[in-house]
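Notes follow once the structure below has been shown.
Chain letters run A, B, ... following the sequence lines, proteins first, then strands; residues in each count from 1.
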Amino acid sequence: MNRIEELEQLKKEYQEIPIPEKGVLGVQMAMERANQKKRLKARAMRYVATVAAAAFLLLIMPQGVFTLISMSAKGGANMAPDAVSKGERYEAATDGRYGNTGLIPGKQEMPEEVMSPETSDNVSAMESDTQVKYEVLLQDAEVRMRISKEIRRQIDEAVLQGNECFTEEKRLTEGFVCIFAEQEYYVNKEGQLVIVFAPGEIAPREYGNVEFVIPDEVIVQ
Amino acid sequence: MEGERSLNRNDALISEVLTTNYAYFYRIAYSYVRNETDAQDIVQESAYKAIYHAKKLKQPEYAQTWITRIVINEALSFLRKHKREVLPLAEELETAATEEGLSKEENVDLKEAINRLGQEEKLLITLRFFEDKKLEEIAEVCGEALSTIKSRLYRTLKKLRLDLDITEEEGGFS
């Protein structure tokens with residue numbers, strides 16, 4: 001065998017290096033860790049900025065403090081994206097699956113006669129069970145991959161139906177890749193998992209929150 | 001706002017490049033460490049760093065090159081940390097050749113000869129002949145001028161006693 005043939009043989013060996021099946025999964029988990037750290041860092045920075053601003057107001061403009069307190073009492077104008085905390089119940093402000101204008105925190109309204117202490121306890125227990133179930137399932141990287149795939153499928157479908165929220169160009173530049181363990185979600189009245197993306201997360205900000213209802217068969221296989 | 005959007009874009013782009021080219025990054029890492037678990041760890045660590053430092057990616061068109069550089073740095077850093085475990089292999093090859101009365105360059109098969117090259121030279125061979133990368137791309141990955149890469153590759157081929165045309169644009173052998 002001459003040198004060139006040897007090189008060709010080595011190239012063949014190189015290209016036949018077996019690729020671990022779960023390798024991509026490991027990479028996705030590493031990306032999740034990085035994103036989580038970035039989010040924590042961003043939150044810490046926001047916190048520091050808020051404290052610094054408050055300190056500034058306290059020292060320089062004492063009257064400003066009252067304005068700040070008054071704003072907090074009203075619920076805070078800038079709380080929207082962060083307020084969607086994990087597992088909290090929310091109601092969609094519109095009926096659209098894509099492009100809701102916002103999610104409003106709210107309780108489930110039930111007729112008074114139904115809300116006896118026992119039934120109320122049962123409902124809470126069921127809600128809690130469902131949430132715990134999803135909480136646990138979302139920790140499983142394979143489940144997250146299946147959900148991500150379903151979301152990509154729904155996005156493709158929305159594109160085919162001409163939904164402006166996900167045009168081809170927007171999909172390429174701000175495209176959705178995968179969900180993370182800390183993904184925001186809520187459970188709808190049918191007990192289905194609804195994945196929520198904050199404005200600007202996977203579609204242009206002007207489309208507001210974007211939601212995807214995930215069928216049960218995607219989650220549990 | 002624009003900065004935030006470009007950050008999101010970088011995140012999405014890097015995720016896409018990492019997942020679609022996983023095999024490529026894995027093979028690069030594997031060519032350094034020759035071990036499945038270590039190669040996987042290197043690519044994972046590189047993915048973590050790429051996402052965490054996504055804002056440092058200034059030219060999205062070079063995302064793959066940029067991540068390749070991260071993978072190479074991670075692999076080199078791994079080798080530095082595990083120097084004691086890697087050295088015996090090189091020494092073993094050296095000893096085997098001298099025991100048979102052979103000089104460093106002569107009469108060893110190409111695989112051994114490549115194993116004896118320095119990391120930079122080995123990378124050139126891998127990218128140019130195994131991954132079919134263009135010289136311009138290799139220069140980007142190595143952060144060197146094209147002329148430097150050409151002359152380095154020429155010297156490396158001479159060491160390996162390989163008579164190949166390095167100016168050819170497409171990968172392959174001639």
Side-chain angles (χ1 to χ4, degrees), chain A residues 1-42 81 141 145 148-149 152 169-180 197-206, chain B residues 1 4-16 18-31 34 36-37 39-41 43-55 60 109-114 125-126 129-132 157 160-164 171-174:
Chain A
M1 200 189 280
N2 67 29
R3 280 307 220 209
I4 306 290
E5 285 168 349
E6 272 188 90
L7 190 60
E8 276 170 356
Q9 178 61 32
L10 286 178
K11 180 180 181 178
K12 199 167 165 261
E13 282 174 23
Y14 177 86
Q15 286 174 340
E16 284 170 0
I17 291 172
I19 308 299
E21 266 179 41
K22 303 236 168 176
V24 178
L25 198 63
V27 162
Q28 284 188 329
M29 286 165 80
M31 292 192 290
E32 276 181 35
R33 276 194 293 127
N35 263 322
Q36 193 180 9
K37 197 174 172 189
K38 278 205 290 192
R39 280 181 206 163
L40 286 173
K41 196 178 166 189
M145 271 186 82
S148 302
K149 200 174 161 190
R152 281 195 291 271
E169 190 223 335
K170 281 169 189 159
R171 202 155 52 126
L172 285 173
T173 52
E174 302 170 48
F176 164 76
V177 178
C178 62
I179 62 163
F180 302 106
F197 292 94
E201 209 173 336
I202 62 163
R205 208 169 269 276
E206 57 266 31
Chain B
M1 181 80 85
E4 194 182 313
R5 280 166 78 92
S6 95
L7 264 185
N8 287 342
R9 276 202 295 270
N10 275 359
D11 276 3
L13 177 68
I14 291 167
S15 304
E16 182 75 30
L18 273 163
T19 45
T20 50
N21 298 291
Y22 177 76
Y24 161 74
F25 295 121
Y26 175 81
R27 282 197 302 262
I28 296 269
Y30 188 89
S31 69
R34 304 264 156 207
E36 185 183 318
T37 315
Q40 280 193 75
D41 286 349
V43 181
Q44 280 176 25
E45 195 52 32
S46 306
Y48 178 89
K49 287 189 175 169
I51 289 289
Y52 191 72
H53 298 288
K55 64 180 174 189
D109 68 29
L110 189 61
K111 195 173 187 174
E112 278 188 21
I114 291 174
I125 299 293
T126 304
F129 300 108
F130 300 165
E131 289 288 353
D132 295 334
L157 292 179
L160 298 174
R161 295 188 295 113
L162 270 167
D163 188 19
L164 291 172
F173 318 115
S174 66

By side-chain contact (heavy atoms from CB on, under 4.5 Å) - contacts of B:E45 (at least two apart): A:R33, B:Y48, B:K49, B:E74

Segment of B:S46 engaging chain A (4.5 angstrom heavy-atom cut-off): neither

Closest heavy-atom pair and its distance - B:Y26, A:P18: CE2-O, 3.3 Å

Residue pair B:K111, A:Q9: steps toward the side chain to side chain contact (heavy atoms under 4.5 Å, CB included) verdict: CA-CA 10 Å; B:K111 195 173 187 174; A:Q9 178 61 32; over 6 Å; no

Beyond-backbone contact of A:L10 with B:F129, side-chain heavy atoms, under 4.5 angstrom: no

B:Y52 and A:K37, any side-chain heavy atoms less than 4.5 Å apart: yes

B:E36 versus chain A, the contacting section by heavy-atom distance below 4.5 Å: side chain

Side-chain touch A:Q15/B:E131, heavy atoms, less than 4.5 angstrom: no

B:Q40 side chain vs A:P20 backbone, donor-acceptor pair below 3.5 Å: no

Interatomic distance, B:Y30 atom OH to A:I19 atom CD1 [nearest 0.5 angstrom]: 10.0 Å

From CD1 (B:I28) to OH (A:Y14), nearest 0.5 Å: 4.0 Å

Worked check of side chain to side chain contact (heavy atoms under 4.5 Å, CB included) between B:F130 and A:L7: CA-CA 9 Å; B:F130 300 165; A:L7 190 60; 3.9 Å; yes

Pairwise side-chain contact, B:F25 with A:V27, heavy-atom cut-off 4.5 Å (strictly under): no

Heavy-atom proximity to chain B below 4.5 Å, by part of A:E32: neither

N/O donor-acceptor pair under 3.5 Å between A:E6 side chain and B:L110 backbone: yes

Which atoms of B:L160 approach chain A - backbone, side chain, both or neither, heavy atom under 4.5 Å: backbone

Note, B:D132 side chain near A:K11 side chain (heavy atom, < 4.5 Å): yes

